[in-house]
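Only one structure is covered here, and it is reproduced in the block below.
Any value given below was found using the heavy atoms of this structure, including those in side chains, with hydrogens, waters and symmetry copies removed.
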Amino acid sequence: KLEKMAAFMQKEPADIYYHQVENFGRGNRRIRRSYQLREVDQLLERGSPLVPSATIIRRELLEEYPFPERRDYVEDLPLWIRFLAAGKKFALLTEVLGCYREGEGLTNNLGQHLLNVFNVLHDLHEEGLIDKRQMETAKRRKYLEAARYQHKRKNFKEAERYYSAADFKSMKIAGLRFLGWLGVPL
């Protein structure tokens, strides 16, 4: 893994490097959806393509932008946004070089996790790093992620609550809500 990332870093000039990972746990394995991150809107609309353990950041960049000392387990989001706002370049190696275990983790208390994320988004808005539209887009995205999390676990009433907070106009969400209403798991 380190050898391949070092070769990639020699070939691709960037500030932050990351690679694809395979998610496993809860009885399944899948390649985590990833994309080349270029702008804040992508991150907030599509969700983060980065897994911190699969990310390499140049030392001088971390000295300039230290990792936030937060205790809410949402440290990476403000860091990625600060990097993007400063015009730093991300480079994706489209090869799976690691695994990420999906479990209950932070989402064991999903409501608290969402509150933590929303507080971070509010702070980023107050700092002028994201505008109100971006903040609202990110909140809808997090509600969709929460809904899908609950739907996969067959918690259909909770999934419906989060789907309805996500966006009632989206055809995709309407379809997912209908599947939940029918009791069809994802």
Classify the ring geometry of W181 against F178: parallel below 30°, tilted from 30° to 60°, perpendicular beyond 60°. parallel
If you round to the nearest 0.5 Å, how far is [atom2] of [Y] from [atom1] of [X]?
X: T137; Y: E45; atom1: OG1; atom2: CD; value: 5.5 Å
X: N23; Y: R29; atom1: CG; atom2: CZ; value: 9.5 Å
X: N116; Y: L121; atom1: CG; atom2: CG; value: 11.0 Å

Any non-hydrogen side-chain atom of [X] less than 4.5 Å from a side-chain atom of [Y]?
X: R82; Y: L124; result: yes
X: I57; Y: T55; result: yes
X: H151; Y: F156; result: yes
X: L129; Y: H125; result: no
X: L186; Y: R148; result: yes
X: S48; Y: L77; result: no
X: D76; Y: L50; result: no
X: L144; Y: L176; result: yes

Strictly distance-based, threshold 3.5 Å: is any side-chain N or O of R141 a donor or acceptor partner for the main-chain N or O of R46? yes
Trace of the salt bridge (Lys or Arg N to Asp or Glu O under 4.0 Å) decision for K157 with E160: CA-CA 5 Å; K157 285 184 181 179; E160 170 58 26; over 6 Å; no
If I compare all heavy atoms of Q36 with all of Q42, which pair ends up nearest, and what's the gap? O-NE2, 3.2 Å
Heavy atoms only: give me the nearest L43-Y35 pair and the separation to one decimal. CA-OH, 3.5 Å
R153 to Y149 six-membered ring, cation-pi geometry met (6.0 Å, 45°): yes
Tell me whether K142 forms a cation-pi arrangement with F118, defined as NZ or CZ under 6.0 Å from the six-membered ring centre and within 45 degrees of its axis. no
Assess the side chains of Y17 and R58: does a donor N or O sit below 3.5 Å from an acceptor N or O? yes
Atom pairs and distances, side-chain donor-acceptor, residues 86-94, under 3.5 Å, sequence neighbours left out:
residue : atom : partner : partner atom : Å
K89     : NZ   : E12     : OE2          : 2.9
K89     : NZ   : P13     : O            : 3.1

